[in-house]
Colleague: 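Have a look at the structure that comes next, please.
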Amino acid sequence: MSELRSNKITDVAGTASPNIPGAIINVKSASYTDAMSLTTDVRTDIPNLSLTITPSSVNSKILVMAHVSYGGSDANNYGSGYLMRGSTDIGVGTTATSNRQNCSFAMNLTGYTNETYKLNTSSMTFLDSPATTSLLTYKVQARHDINGTMYINRSGSDSDADYGLRGISTLTIMEIGG
């Protein structure tokens, strides 16, 4: 059986952190464990779900992974989530017209009165190509679209019972060599 050991890897130019295509160069993660409510149709940053990274090469890609736990006070509660690089939407639809919304992921409760007791999750993964070595900020936003109140990390009823669930929302970014 072969074994490869090294305490340092360099490329032919002597660079200490070579940008190897497909290699994971840097990983950062953040989480939000408190609860928040959304009552208007204004996009809002989810607290603590913001990370900065400086790509080591203009060819690097950034893999962005978001996971949001949510609930709502109404059986027909609709919301949306957004991945952003700075103030730019990334990983969003592009065909919405008129009153429709382009978003990264939906956060909906539909049609059943028991929906208010549920804690739901929505996730999104997007491979971004920022083509820069400047400092970047990635973040997650949520928007309450219509009906009742939307909650992050808790159910709508927030019952003091074993079915009254509280959750966590996360953001993870990885620099991938390009």
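Start at 1 with the first residue, then count along the sequence. Model, not experiment: these values are computed from the prediction.
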Colleague: Does the side chain of Asp128 come under 3.5 Å of the side chain of Tyr138 through a donor N or O and an acceptor N or O?
Modeller: yes

Colleague: Enter the distance from Leu171:CG to Leu51:CG here, rounded to the nearest 0.5 Å.
Modeller: 4.5 Å

Colleague: State whether Arg43 and Asp145 are salt-bridged, where the test is any N-O pair (Lys NZ or Arg NE/NH1/NH2 against Asp/Glu carboxylate O) under 4.0 Å.
Modeller: no

Colleague: Without swapping roles, check the side chain of Ser60 against the backbone of Pro55 for a donor-acceptor pair under 3.5 Å.
Modeller: no

Colleague: Would Ser123 and His67 count as having a side-chain donor-acceptor pair, cut-off 3.5 Å?
Modeller: yes

Colleague: Would you confirm whether Ser169, through its side chain, and Ser69, through its main-chain N or O, come within 3.5 Å as a donor-acceptor pair?
Modeller: yes

Colleague: Do the side chain of Asn77 and the main chain of Thr149 share a donor and acceptor less than 3.5 angstrom apart?
Modeller: yes

Colleague: For residues 20-42, run the donor-acceptor check on the side chains, cut-off 3.5 Å, and write out each pair with its distance to 0.1 Å, sequence neighbours left out.
Modeller:
{"from": "Lys28", "atom 1": "NZ", "to": "Thr52", "atom 2": "O", "distance (Å)": "2.7"}
{"from": "Ser29", "atom 1": "OG", "to": "Thr172", "atom 2": "OG1", "distance (Å)": "3.3"}
{"from": "Tyr32", "atom 1": "OH", "to": "Ala35", "atom 2": "O", "distance (Å)": "3.3"}

Colleague: Could you give the distance from CD1 (Ile46) to CG (Asn153), rounded to the nearest 0.5 Å?
Modeller: 8.0 Å

Colleague: If you round to the nearest 0.5 Å, how far is NE2 of His144 from OG1 of Thr44?
Modeller: 11.0 Å

Colleague: For Ser104, which of Val140, Val92, Thr125, Val64 qualifies under side-chain contact (heavy atoms from CB on, under 4.5 Å)?
Modeller: Val92

Colleague: Got a second to check how far Cys103's SG is from Leu83's CG, nearest 0.5 Å?
Modeller: 10.0 Å

Colleague: So which of Thr132, Leu136, Leu135 actually passes side-chain contact (heavy atoms from CB on, under 4.5 Å) with Thr54?
Modeller: Leu135

Colleague: Tell me if a side-chain donor or acceptor on Tyr70 pairs with a main-chain N or O of Gly79 at a distance below 3.5 Å.
Modeller: no

Colleague: Measure the spacing between CD of Glu115 and OG of Ser73 and express it to the nearest 0.5 Å.
Modeller: 12.5 Å

Colleague: Any side-chain to backbone donor/acceptor pair from Ser159 onto Ala161? Under 3.5 Å, distance only.
Modeller: no

Colleague: Does the side chain of Ser56 pick up a donor-acceptor pair with the side chain of Glu175 at under 3.5 Å?
Modeller: yes

Colleague: Please tabulate, one pair per line, all N/O donor-acceptor pairs under 3.5 Å involving side-chain atoms of residues 93-101, not counting sequence neighbours.
Modeller:
{"from": "Thr97", "atom 1": "OG1", "to": "Arg100", "atom 2": "NH1", "distance (Å)": "2.9"}
{"from": "Arg100", "atom 1": "NH1", "to": "Thr97", "atom 2": "O", "distance (Å)": "3.1"}

